[in-house]
Amino acid sequence: MNGGRISREIPESIDAAIDVVVIGAGACGLVAALRARAAGSEVIVLERDASPSGSTSMSSGFVPAPGTRFQKEIGVTDDTPERFAADILAKSKGKSDAALARLASVSIGPALEWLADAHGLEWIVLDDFLYPGHSRHRMHAVPEKTGVALEARLLSAVEAAEIPVVTEAHVTRLYADGHDRISAVEITRPDGATEVLGCKVLVLACNGFGGNRALVRQHIPEIADGLYYGHEGNTGDALTWGEALGARIRHLSGYQGHGSLAHPHGILISWALMMEGGIQVNSEGLRFSNEHGGYSEQAVNVLAQPGGIAWNIYDARLHDFAQNFPDYREAMTVGAIREAADVSALARVTGLPGAALARTLSEAALYQSGQATDPFGRDFTGKPALAAPYYAVKVTGALFHTQGGLMIDDQARVLRENGSPFANLFAGGGAACGVSGPDVSGYLSGNGLLTAIGFGSVAGASAGSLARLAPPR
């Protein structure tokens with residue numbers, strides 16, 4: 001049975017009922033559940049997988065937030081939601097929805113501080129490099145600096161709050177009355193058995209449609225043949241339900257890509273290598289873009305190269321720096337990282353043409369010294385020139401997650417096409433329209449977890465308050 005169905009019929013029977021149902025146990029769903037519980041409502045989280053992980057566990061786990069006390073602890077005292085919103089809109093060239101950018105910017109800082117105060121999550125701010133498009137050091141992470149650890153800490157908080165997370169519970173149908181009020185959800189188990197769970201309020205936290213190749217080809221054909229480095233369960237159920245209900249849907253062509261996924265290992269190589277001085281070359285040993293434009297749009301640039309492949313080229317300074325990131329250490333362990341004493345050896349270990357590679361590195365040195373200007377527009381002068389010994393990793397471009405979805409208001413209520421809110425339907429994260437606009441180039445580093453946690457917090461607080469005040473079922 002496929003997900004995404006809407007039934008206008010009254011369920012023949014309801015097996016159980018609860019105040020708030022949250023669909024999806026990634027960061028968005030778990031934060032929403034915590035906020036709904038804090039608002040005084042009983043909550044359950046339904047997760048289609050046997051073990052919660054989702055896009056959160058596959059991410060770097062980095063969350064941008066302005067004006068937090070964690071920033072102030074490292075000396076960043078002049079960041080504000082207004083500055084952050086301006087950065088979001090600048091990255092998308094003004095194509096993001098301004099109201100959503102504002103909502104994300106004002107909600108994310110308080111959400112992180114609340115998670116710290118109410119549930120003991122620890123946050124550190126990464127200040128050893130500045131992510132593309134961010135005007136301040138505002139990228140937060142749990143101490144382990146991985147998405148897996150972030151998911152684990154949120155799951156521990158949910159468990160401590162005694163919120164049930166039911167796994168292998170794929171929601172395949174929503175029950176809505178004539179006024180589009182959601183009254184129940186149908187759950188399908190792996191063996192085909194079904195059960196119906198009544199609810200006062202529903203929160204959609206089931207991400208986007210990156211795992212649905214047909215929808216990707218329909219809405220984002222430029223990345224349809226690229227590798228999908230996201231959760232396979234992101235099949236677009238929220239989008240399908242929204243379409244059936246007549247919800248306002250925007251920016252389905254928007255997505256986060258990444259131009260630095262180790263190939264064929266499928267390990268994320270941090271874009272910090274590029275921001276700190278590394279370069280990317282194609283199979284001809286030539287640079288092909290401004291590596292500081294952003295890692296999301298770089299996915300398209302890399303896939304446009306012969307074979308859809310590029311090489312990250314850097315040196316010992318950056319190799320040592322990159323070992324701060326767990327993903328990079330994993331790439332070292334599996335042999336994805338190549339080392340070479342000089343340019344000739346680098347050509348041998350990568351299979352790249354030596355003359356072209358040497359010329360490319362010489363040109364980069366000229367750009368760094370200010371003796372020449374990069375034709376792609378990158379400023380090399382702020383970082384040291386690359387020097388032997390060299391390191392390299394073969395990478396490809398990939399789709400990480402979609403950014404379009406259901407439009408929400410400032411309470412995270414899903415909106416109809418006419419702009420009015422549904423009575424008891426909320427959304428966040430990848431189920432909602434994000435803040436990247438309609439193009440891959442609009443993705444600002446961290447926008448995914450920004451809307452997962454920011455919108456999830458708003459949705460959960462709103463849903464919990466509404467359910468607590470709603471009349472008995």
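Note that the numbering runs from 1 along the sequence shown for the chain.
For Lys93 and Asp439, the salt-bridge test fails: no basic side-chain N is under 4.0 Å from an acidic carboxylate O. One finds no salt bridge joining Arg287 and Glu363 here, because no Lys/Arg side-chain nitrogen approaches an Asp/Glu carboxylate oxygen to under 4.0 Å. Here Glu162 does not pair with Arg37 in a salt bridge; the nearest charged N to carboxylate O distance is not below 4.0 Å.
Taking the six-membered ring for Trp and thresholds of 30 and 60 degrees, Tyr328 and Tyr314 have ring planes more than 60 degrees apart, a perpendicular arrangement. By the 30° and 60° cut-offs, the orientation of the rings of Phe380 relative to Tyr367 is tilted. Note on ring orientation: taking the six-membered ring where Trp is involved, the planes of Phe400 and Tyr229 are tilted (angle from 30° to 60°).
The backbone N or O of Pro326 sits nowhere less than 3.5 Å from a side-chain atom of Glu330 that would complete a donor-acceptor pair. Side-chain N or O atoms of Asp315 include one that pairs as donor or acceptor with a backbone N or O of Leu318 at under 3.5 Å. Under a 3.5 Å cut-off, the side chain of Ser59 and the backbone N or O of Gly61 do form a donor-acceptor pair. For Arg48 (side chain) and Cys206 (main-chain N/O), no donor-acceptor pair under 3.5 Å exists by modelled atom type. Without hydrogens or angle criteria, Arg213 side chain to Ala224 main chain gives a donor-acceptor distance under 3.5 Å. Checked by atom type and distance alone, the side chain of Gln71 pairs as donor or acceptor with a backbone atom of Thr68 at under 3.5 Å. Looking at His134, its side chain does come within 3.5 Å of a backbone N or O of Ser445 through a donor-acceptor pair. Of the possible polar contacts, none joining the Asp49 side chain to the Pro52 backbone as a donor-acceptor pair under 3.5 Å is found. Looking only at distances, no side-chain donor or acceptor of Thr56 sits under 3.5 Å from a matching main-chain atom of Glu151. When atom types are taken as modelled, the side chain of Trp271 and the backbone of Glu291 share a donor-acceptor pair closer than 3.5 angstrom.
Between atom CG of residue Leu361 and atom CD of residue Gln368 there is a gap of 12.5 Å, rounded to the nearest 0.5 Å. Interatomic distance, CG of Leu155 versus CG of Leu30, reported as 5.0 Å (0.5 Å rounding). Note that SG of Cys433 is 5.5 Å distant from CE of Met407, once rounded to the nearest 0.5 Å. Note: Ile220 CD1 to Leu252 CG = 8.0 Å, rounded to the nearest 0.5 Å. Rounding to the nearest 0.5 angstrom, the gap separating the NZ atom in Lys394 from the OG atom in Ser260 is 14.0 Å. Rounding to the nearest 0.5 angstrom, the gap separating the CG atom in Leu126 from the OG atom in Ser60 is 8.5 Å.
Shortest non-hydrogen contact noted between Ser55 and Asn234 is OG-ND2, 2.9 Å. The two residues Gly354 and Ala347 come nearest to each other via the heavy atoms CA-CB, 3.7 Å. Nearest heavy atom pair, residue Ala98 against residue Leu89, reads CA-CD2, 4.3 Å. Closest non-hydrogen pair, Thr350 versus Ala392, comes out as CG2-CB, 3.7 Å. The two residues Val203 and Ala459 have their closest heavy-atom pair at CG1-CB, 4.2 Å. Of all the heavy atoms in Gln280 and Gln298, the pair that sits closest is OE1-NE2, 2.8 Å.
Residues Phe84 and Arg136 fail the side-chain proximity criterion, which asks for heavy atoms closer than 4.5 Å. With a 4.5 Å cut-off on side-chain heavy atoms, Met274 and Tyr295 do not count as touching. Side-chain contact between Ile223 and Val440 is absent, with no heavy-atom pair separated by less than 4.5 Å. Side-chain contact between Leu449 and Leu150 is present, with at least one heavy-atom pair separated by less than 4.5 Å. The side-chain heavy atoms of Phe455 and Val435, taken from C-beta on, include a pair separated by under 4.5 Å. Side-chain contact between Leu115 and Ile453: present, with at least one pair of heavy atoms (C-beta onward) separated by less than 4.5 Å. A heavy-atom distance below 4.5 Å is not found between the side chains of Lys95 and His251. In this structure, Leu303 and Thr396 have side chains that are in contact, with non-hydrogen atoms separated by less than 4.5 Å.
The environment of CD in Glu159 is sparse: at most 12 heavy-atom neighbours from other residues, nucleotides or ligands sit within 6.0 Å.
For Phe321, the ring-ring contact (aromatic ring centres under 6.0 Å, His included) partners two or more places apart in sequence, or in a different chain, are Phe129, Phe325. Applying the salt bridge (charged side-chain N to carboxylate O under 4.0 Å, His left out) rule to Asp127 yields no partners; only residues at least two apart in sequence or on another chain are considered. For His401, the ring-ring contact (aromatic ring centres under 6.0 Å, His included) partners are Tyr443, not counting sequence neighbours. Phe209 pairs by the ring-ring contact (aromatic ring centres under 6.0 Å, His included) definition with His219, not counting sequence neighbours. Scored by the ring-ring contact (aromatic ring centres under 6.0 Å, His included) test, His119 finds Trp114 as partners (sequence neighbours excluded).
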Take Asp379 and Thr381 through the test side-chain hydrogen bond (donor to acceptor under 3.5 Å, both in side chains) and record every step on the way to the result.
-> CA-CA 6 Å; Asp379 181 3; Thr381 60; 2.6 Å; yes
Evaluation steps, side chain to side chain contact (heavy atoms under 4.5 Å, CB included), between Trp123 and Glu113 = CA-CA 9 Å; Trp123 299 106; Glu113 293 192 351; over 6 Å; no
Show your reasoning for whether side chain to side chain contact (heavy atoms under 4.5 Å, CB included) applies to Leu215 and Thr402.
-> CA-CA 10 Å; Leu215 287 177; Thr402 55; over 6 Å; no
Side chain to side chain contact (heavy atoms under 4.5 Å, CB included) evaluation trace for Asp225 with Arg217 | CA-CA 8 Å; Asp225 295 323; Arg217 189 166 295 281; 2.7 Å; yes
Checking side-chain hydrogen bond (donor to acceptor under 3.5 Å, both in side chains) for the pair Glu339/Tyr391: CA distance, chi angles, key distance, verdict?
-> CA-CA 5 Å; Glu339 181 180 0; Tyr391 290 80; 3.1 Å; yes
Trace of the side chain to side chain contact (heavy atoms under 4.5 Å, CB included) decision for Val158 with Leu34 | CA-CA 6 Å; Val158 166; Leu34 290 169; 3.8 Å; yes
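Counting only residues at least two apart or on different chains, the side chain to side chain donor-acceptor pair (under 3.5 Å) pairs with a member in residues 97-108 are Glu82-Arg102.
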